[in-house]
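The structure displayed is predicted, hence computed values, not measured ones.
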Amino acid sequence: MAALRADGPLRLGGCLGLSAAGAESNVAIGLARLGHRVRWVGRVGADELGALVLRTLRAEGIDTDYAVTDDTGRPTGLLLTEPRLGTLTRVHYYRAGSAGSALLAADVLPALTAGVRVLHLTGITPALAPSAAEAARAAVTAARQAGITVCLDVNFRTRLWTTDSAREALRPLLAGTDLLVASEDELPLALERVMGEADGVKSLLAQGVRDVVVKRGARGATVYTAQGRADLPARRVPAVDVVGAGDAFVAGYLSAALDGADATGRLRRAVTTAGFAVATRGDWEGLPTRDELALCDRGDGTTVR
């Protein structure tokens, strides 16, 4: 989708910055910048905003050959963001009836070709419409059958659906999920019943989830596997814009997983890419290339000459 970003309260008017956005797009860009081959699948409208989304993805080196341009008059989805208090940002979605909400299984399945190693999806897609939810289920089933690792980021959005609706839609996806990513408050949406984090994680691992990754914001993150637990604090960076930090985290985690890193190594790259996102404006604009990852280890105020 496209994004309009305000410098202040929307009701006061003023200038808006226009760019591409979307959780899956953010992850795709993050992975591409880290040197991975990435394919993006989705629907955009046959409009200028759709052209902007596809142009942005292609400029980042992402394969858009399987993207669909909807020719039925559905517009490209849109969000508006407005800063309200420090790094607290309010987001407004305009996605009902959008091209993305009409995503079909037939759009996604052809993209799961030989050589694909990871399918990444979020809980946002099934929130858009029943057909999009069915597309997500079909993609997970096909990926699992093909031996493709499935990564599901819960990414719950209160303005798109309720907790009950989210739980009902996400639970069927877990049977095919290898890597589950959730914030502390999102993890209960993946559980059959109310329980503590330790018991909930144990239940998920018993169901076949290989990595349960819990994002803890400024306190870092934890990954649970059959081998145990690993924790890592967040990178200490000046917070400028926290929108997109979770997607940057996922991009770093998947990148390290593709490189064969251990649990701590996966977390280390994840908190590093998240740190870049927090310290720069925009969902994805400040995400690092692979050779920039080490910049987080330089002292504050350092000039690299």
Let me have the donor-acceptor pairs involving side chains of residues 4-11, under 3.5 Å, with sequence neighbours excluded, atom names and distances please.
unit_1: Arg5; atom_1: NH1; unit_2: Ser19; atom_2: OG; d: 2.3
unit_1: Arg5; atom_1: NH2; unit_2: Asp283; atom_2: OD1; d: 2.9

**Message:** Contact between Leu88 and Pro83 at the side-chain level, heavy atoms closer than 4.5 Å - yes or no?
**Reply:** no
**Message:** If only side-chain N and O atoms count, and only distance matters, is there a donor-acceptor pair under 3.5 Å linking Thr289 with Glu292?
**Reply:** yes
**Request:** Please lay out, stage by stage, how Trp284 and Ser25 fare under the test side chain to side chain donor-acceptor pair (under 3.5 Å).
**Result:** CA-CA 9 Å; Trp284 52 267; Ser25 300; over 6 Å; no
**Request:** Provide the closest heavy-atom pair for Ala169 versus Pro126 in the form atom of the first, atom of the second, distance.
**Result:** CB-CB, 4.5 Å
**Request:** Check the pair Glu186, Ser183 against side chain to side chain donor-acceptor pair (under 3.5 Å), reporting the backbone distance first and the verdict last.
**Result:** CA-CA 5 Å; Glu186 291 172 336; Ser183 59; 3.2 Å; yes
**Message:** Is there a side-chain contact between Tyr66 and Asp107 in this structure, where contact means two heavy atoms from C-beta onward sitting under 4.5 Å apart?
**Reply:** no
**Prompt:** Do Val68 and Val41 sit in the same hydrophobic cluster, where Ile, Leu, Val, Met, Phe, Trp and Tyr count as joined when their side-chain heavy atoms come under 4.5 Å apart?
**Reply:** no
**Fill in**
For Ala67 and Leu54, the nearest pair of non-hydrogen atoms, with its separation, is CB-CD2, 3.8 Å
**Request:** Give a yes or no on this: more than 12 heavy atoms of other residues, nucleotides or ligands lie within 6.0 Å of atom CD of Glu134.
**Result:** yes
**Prompt:** Is Arg216 paired with Glu197 through a side-chain N to carboxylate O contact shorter than 4.0 Å?
**Reply:** yes
**Request:** Could you walk me through whether Asp185 and Lys215 pass salt bridge (Lys or Arg N to Asp or Glu O under 4.0 Å), step by step?
**Result:** CA-CA 9 Å; Asp185 59 335; Lys215 298 177 294 183; over 6 Å; no
**Message:** Please check: side-chain N/O of Thr56 versus main-chain N/O of Leu52, any donor-acceptor pairing under 3.5 Å?
**Reply:** yes
**Asked** Out of Leu187, Thr225, Thr177, which one pairs with Val212 under the side-chain contact (heavy atoms from CB on, under 4.5 Å) rule?
**Response** Leu187
**Message:** Can you tell me how far apart CG (Leu112) and CZ (Arg144) are? Round to the nearest 0.5 Å.
**Reply:** 14.0 Å
**Asked** Between atom CD of Glu48 and atom CZ of Arg55, what is the distance when rounded to the nearest 0.5 Å?
**Response** 11.0 Å
**Message:** Within the supplied structure, the quantity of interest is the number of heavy atoms (other residues, nucleotides, ligands) at a distance under 6.0 Å from Arg37 CZ; does it exceed 12?
**Reply:** no
**Fill in**
When every non-hydrogen atom of Val140 is compared with those of Gly176, the smallest separation belongs to CG1-CA, 3.7 Å
**Message:** Is the shortest side-chain heavy-atom distance between Phe156 and Leu170 below 4.5 Å?
**Reply:** no
**Message:** Do Phe276 and Leu295 have side chains that approach each other closer than 4.5 Å (heavy atoms only, starting at C-beta)?
**Reply:** yes
**Asked** If you measure only the distance, is there a donor-acceptor pair under 3.5 Å linking the side chains of Thr113 and Arg39?
**Response** yes
**Message:** Is any side-chain heavy atom of Val278 closer than 4.5 Å to one of Val240?
**Reply:** no
**Item:** Evaluation steps, side chain to side chain contact (heavy atoms under 4.5 Å, CB included), between Leu254 and Cys151
**Value:** CA-CA 8 Å; Leu254 287 177; Cys151 174; 3.9 Å; yes
**Request:** For Leu18 and Ala2, work out which heavy atoms get closest and say how close.
**Result:** CD1-CB, 4.3 Å
**Message:** side chain to side chain contact (heavy atoms under 4.5 Å, CB included), that's the test. Do Asp178 and Val209 meet it? Break it down for me.
**Reply:** CA-CA 5 Å; Asp178 299 289; Val209 180; over 6 Å; no
**Asked** Got Glu192 and Gln207 here, is their nearest side-chain heavy-atom distance under 4.5 Å?
**Response** yes
**Asked** Are Tyr93 and Leu80 connected in the hydrophobic side-chain network, where two residues link if heavy atoms are under 4.5 Å apart?
**Response** no
**Prompt:** Atom CD of Glu24 and atom CG of Asn155: how far apart are they, to the nearest 0.5 Å?
**Reply:** 7.5 Å
**Complete:** For residues 240-255, the salt bridge (Lys or Arg N to Asp or Glu O under 4.0 Å) pairs (sequence neighbours left out) are none
**Request:** Would you sort out whether Met1 and Leu78 count as a side chain to side chain contact (heavy atoms under 4.5 Å, CB included), showing the intermediate values?
**Result:** CA-CA 5 Å; Met1 59 183 166; Leu78 179 68; 5.9 Å; no
Donor-acceptor pairs are to be reported for all side-chain atoms of residues 257-268 against protein atoms at under 3.5 Å, with residues two or more places apart or in another chain.
unit_1: Asp259; atom_1: OD2; unit_2: Arg269; atom_2: NH1; d: 2.7
unit_1: Asp259; atom_1: OD2; unit_2: Arg269; atom_2: NH2; d: 3.4
unit_1: Asp259; atom_1: OD2; unit_2: Arg290; atom_2: NH1; d: 2.8
unit_1: Asp259; atom_1: OD2; unit_2: Arg290; atom_2: NH2; d: 3.2
unit_1: Asp262; atom_1: OD1; unit_2: Thr264; atom_2: N; d: 3.4
unit_1: Asp262; atom_1: OD1; unit_2: Gly265; atom_2: N; d: 2.7
unit_1: Arg266; atom_1: NE; unit_2: Asp211; atom_2: OD2; d: 3.3
unit_1: Arg266; atom_1: NE; unit_2: Tyr253; atom_2: OH; d: 2.9
unit_1: Arg266; atom_1: NH1; unit_2: Ala261; atom_2: O; d: 2.9
unit_1: Arg266; atom_1: NH2; unit_2: Asp211; atom_2: OD2; d: 3.0

**Item:** Salt bridge Arg33-Asp291, side-chain N to carboxylate O under 4.0 Å
**Value:** no
**Asked** Between Val27 and Ala251, which heavy-atom pair has the shortest distance, and what is it?
**Response** O-CB, 3.8 Å
**Asked** Does some side-chain heavy atom of Val154 sit less than 4.5 Å from a side-chain heavy atom of Thr122?
**Response** no
**Prompt:** Given the rule that I, L, V, M, F, W and Y join up when any side-chain heavy atoms are under 4.5 Å apart, are Ile124 and Val91 in one cluster?
**Reply:** yes
**Prompt:** Which atom pair, heavy atoms only, marks the closest approach of Ala218 to Ala234?
**Reply:** O-CB, 3.5 Å
**Asked** Residues in salt bridge (Lys or Arg N to Asp or Glu O under 4.0 Å) with Arg219, at least two apart?
**Response** Glu184
**Complete:** From the list Leu174, Val181, Leu179, side-chain contact (heavy atoms from CB on, under 4.5 Å) partner of Leu152 resolves to Leu174
**Fill in**
d(Asp297 CG, Thr272 OG1) to nearest 0.5 Å is 7.0 Å
**Request:** Could you name each residue pair satisfying salt bridge (Lys or Arg N to Asp or Glu O under 4.0 Å) that touches residues 72-101, not counting sequence neighbours?
**Result:** Asp70-Arg74, Glu82-Arg90
**Distance in Å, Leu189 CG paired with Arg171 CZ, rounded so as to fall on 0.5 Å steps** = 11.0 Å
**Prompt:** Taking a hydrophobic cluster as the set of Ile, Leu, Val, Met, Phe, Trp and Tyr residues connected by side-chain heavy atoms closer than 4.5 Å, whether directly or through intermediates, do Val118 and Ile62 fall within one such cluster?
**Reply:** yes
**Fill in**
One should read off an interatomic distance between Glu60 CD and Trp40 CH2, to the nearest 0.5 angstrom, of 14.0 Å
**Prompt:** Should Leu232 and Leu180 be counted in the same cluster of Ile, Leu, Val, Met, Phe, Trp and Tyr side chains packed under 4.5 Å apart?
**Reply:** no
**Asked** By the rule that ILVMFWY residues connect when side-chain heavy atoms come within less than 4.5 angstrom, directly or transitively, which residues belong alongside Leu34?
**Response** Leu293
**Asked** Step by step, would you call Val44 with Leu49 a side chain to side chain contact (heavy atoms under 4.5 Å, CB included)?
**Response** CA-CA 8 Å; Val44 297; Leu49 294 182; over 6 Å; no
**Request:** Assess whether atom CZ of Arg281 is packed by more than 12 heavy atoms of other residues, nucleotides or ligands within 6.0 Å.
**Result:** no
**Asked** If we only count heavy atoms from C-beta on, is the His92 to Leu79 side-chain gap below 4.5 Å?
**Response** no
